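Just the heavy atoms: all of them, side chains too, but no hydrogens, waters or symmetry mates, feed the values below. From a predicted model like this one, the values you see are computed outputs, not experimental measurements.
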Amino acid sequence: MPARSLAIAGAGIGGLTAALALAQAGCAVTLVERADVLEEAGAGVQLAANATRCLKALGVYERVAAQAVLPTAFAVLDGRTGTRIAGGPMGAAAEARFGGPFLVIHRADLQAALLAAVREVPSITLKLGHALESFTPDASGVTLGLRPAGGTETLRADALIGADGLRSVVRRTLQPQATPSFRHRAAWRATVPVDALPAALTDPVTRLWIGPGAHLVTYPVKAGRAINLVAVTPDEREVHGWSEAAARDELLAHYRGWCTPARALLDAPERWLRWALFDLDPLQRWGDGPVTLLGDAAHAMPPFLAQGAAQAIEDAVVLARELAGADDIPAALRRYEAARQPRTARVQRAARGMDRIYHLKGPVRLARDLVMRFQPESAVLERYRWIYDWRA
């Protein structure tokens, strides 16, 4: 039987990983991407054990890890006082507990590693500068309408995977009522060379600084050469995009009264970029016939559990598992969806819940901190064993 032909819309982290997984499962893959050049900006990415195990199975872990950092510890701190609320070891201890390493990496480096691996696989065709404009499913597959520069093009495939992100063309066609939900928050991002910061803030530790209405996440990237910062604040601007111009003074005003170390981090970048936070309500249906969704197109979530990329990577592995050797492609896609929907919906809901917990004010904030201070060091990670222990 000839190799199944799969088309993937979107060459982000989910699309690239899906291409590798499907090629490994014996499929011929065409990856279509509207951008002419893959130059992912974005912010840092945390890859927990559930993601790194998948990367190992796909044979790309070492390539990814070369530009990443393995944090030795994590810490949750009071943004105003600097007091440590909770934390614990990571590194070898977390890897032993959850069966896989935890990495932090810049999104551009992760995408570059996956792209390099994709380019080495003969059964993957990458079409840059090809925007997906339409698709027409039928009894034997799907026809894609593409728009390359200066013309139109059609592509025939046995199935279409919509890995085209929050504003997915594939999802909008399948489910026009499933629109992104604005979270009334903005995330501000920057990276700072380590030599621009005090040494005490450049060690391989993931730090979460929490305070009334806002929080700050910091960790090393670029193999330890830079620190990634993501600050989350209230915001009512719904402009969508990774790279909106950001007024530094506006950001710093949200952190008045915060402790000296947190302010040192926030003061260090000369340039901040801002993006509005959106997610999706859990979808009851992802696909139809020979078409399905993957990653943010299916289950965009707030970044408060650092699972957006990880869940897309999980999707890719399960999708490939179900399609490997499948005679009935639509049935295989429905099995994939049935396997993934309950889990991703639970992660989406949990991520929304962390939004509330991080930003508590008044007496409930003090009660939260008190509970966290008296719990065992392992409790924070153990609470999410259901995420980190996942196996395909």
For Pro261, enumerate each residue passing the side chain to side chain contact (heavy atoms under 4.5 Å, CB included) test, keeping only those at least two apart in sequence or located in another chain. Leu201, Trp209, Cys259

So, taking the atom named OG1 in Thr17 and the one named CD1 in Ile8, what distance separates them when rounded to the nearest 0.5 Å? 9.5 Å

So Arg172 and Asp164, salt bridge (Lys or Arg N to Asp or Glu O under 4.0 Å) or not? Walk me through it. CA-CA 11 Å; Arg172 187 167 66 242; Asp164 47 345; over 6 Å; no

For Arg207, the salt bridge (charged side-chain N to carboxylate O under 4.0 Å, His left out) test, sequence neighbours excluded, returns Asp203

In sequence, state the C-alpha distance, the side-chain angles, and the governing distance for Leu132 and Leu146, and then conclude on side-chain contact (heavy atoms from CB on, under 4.5 Å). CA-CA 5 Å; Leu132 174 67; Leu146 307 177; 3.9 Å; yes

Look only at the side chain of Ser181 and the backbone of Asp279, and say whether a donor-acceptor pair between them is shorter than 3.5 Å. no

Look up atom CZ in Arg84 and atom CE in Met372, then write down how far apart they are to the nearest 0.5 Å. 10.0 Å

Please identify each residue that fulfils side chain to side chain contact (heavy atoms under 4.5 Å, CB included) with Arg248, with sequence neighbours left out. Leu252, Asp267, Trp272

If you count heavy atoms of other groups shown closer than 6.0 angstrom to CZ of Arg185, is the number above 12? yes

How is the hydrophobic cluster of Leu370 composed, in terms of its other members, when Ile, Leu, Val, Met, Phe, Trp and Tyr link through side-chain heavy atoms under 4.5 Å apart, directly or indirectly? Phe374

Is a side-chain N or O of Thr202 found less than 3.5 angstrom from the main chain of Ala199, in a donor-acceptor match? yes

For residues 292-305, pull every pair meeting side chain to side chain donor-acceptor pair (under 3.5 Å), keeping only residues two or more places apart or in separate chains. Thr292-Glu337, His299-Asp315

Between the side chains of Arg334 and Asp328, is the shortest nitrogen-to-carboxylate-oxygen separation below 4.0 Å, so that they form an ion pair? no

Can any side-chain N or O of Arg4 pair as donor or acceptor with the backbone N or O of Ala25 at less than 3.5 Å? no

Sub-3.5 Å donor-acceptor pair from the side chain of Gln348 to the main-chain atoms of Ala300, do we have one? yes

Only pairs at least two apart or in different chains count here, so list each ring pair (Phe, Tyr, Trp, His ring centres under 6.0 Å) that has a residue in residues 319-338. Trp286-Tyr336

One pair to check against salt bridge (Lys or Arg N to Asp or Glu O under 4.0 Å): Arg53 and Asp389. What are the steps and the verdict? CA-CA 10 Å; Arg53 279 194 302 273; Asp389 262 359; 5.1 Å; no

Scan for side chain to side chain donor-acceptor pair (under 3.5 Å) pairs involving residues 191-201, sequence neighbours excluded, and state none if there are none. none

Looking at Phe278, is Arg167 sitting on its ring face, NZ or CZ under 6.0 Å from the six-membered ring centre and within 45 degrees of the normal? yes

The single option from Leu126, Leu160, Leu155 that satisfies side-chain contact (heavy atoms from CB on, under 4.5 Å) with Val32 is Leu155

Side chain of Tyr388, backbone of Leu381: donor and acceptor closer than 3.5 Å? no

Set of salt bridge (charged side-chain N to carboxylate O under 4.0 Å, His left out) partners for Arg147, sequence neighbours left out: Glu133

Is the backbone N or O of Ala186 less than 3.5 Å from a side-chain atom of Asp235, with the two atoms forming a donor-acceptor pair by type? no

List for me each residue that meets side chain to side chain contact (heavy atoms under 4.5 Å, CB included) alongside Ala310, sequence neighbours excluded, and say none if there are none. Asn50, Ala51, Gln307

Would Arg63 and Glu120 pass as an ion pair if we require N to O under 4.0 Å? yes

Among Val317, Val29, Val121, find the one that has a side-chain contact (heavy atoms from CB on, under 4.5 Å) with Leu20. Val121

Asn228 side chain vs Tyr219 backbone, donor-acceptor pair below 3.5 Å: no

More than 12 heavy atoms of other residues, nucleotides or ligands under 6.0 Å from CD of Glu236: yes or no? yes

Check the surroundings of atom CZ in Arg391: do more than 12 heavy atoms from other residues, nucleotides or ligands lie under 6.0 Å from it? yes

Applying side-chain contact (heavy atoms from CB on, under 4.5 Å) to His215 and Met354, what does each step give before you reach the verdict? CA-CA 11 Å; His215 75 269; Met354 295 311 295; over 6 Å; no

Residues that Arg156 engages under salt bridge (charged side-chain N to carboxylate O under 4.0 Å, His left out), provided they are two or more places apart: Asp138

Just by modelled atom types, is the Tyr358 backbone N or O under 3.5 Å from a matching donor or acceptor in the Arg368 side chain? yes

Check this for me, if you would: do Glu314 and Arg343 make a salt bridge, where the nitrogen-to-carboxylate-oxygen distance has to be below 4.0 angstrom? yes

Counting distance only, does the side-chain N/O of Thr30 pair as donor-acceptor with the main-chain N or O of Thr125 below 3.5 Å? no

Is a donor on one side and an acceptor on the other found under 3.5 Å between the side chain of Arg183 and the backbone of Leu277? no

Only counting residues at least two apart or in another chain, list the ones meeting side chain to side chain contact (heavy atoms under 4.5 Å, CB included) with Thr173. Phe135, Val169

Return the CG to CG distance between Leu55 and Leu103, rounded to the nearest 0.5 Å. 8.0 Å

Salt bridge (Lys or Arg N to Asp or Glu O under 4.0 Å) between Glu377 and Arg97: does it pass, once the steps are laid out? CA-CA 13 Å; Glu377 275 198 342; Arg97 187 182 307 144; over 6 Å; no

Taken in chain and number order and not counting sequence neighbours, the residues that satisfy salt bridge (charged side-chain N to carboxylate O under 4.0 Å, His left out) with Glu33 are none

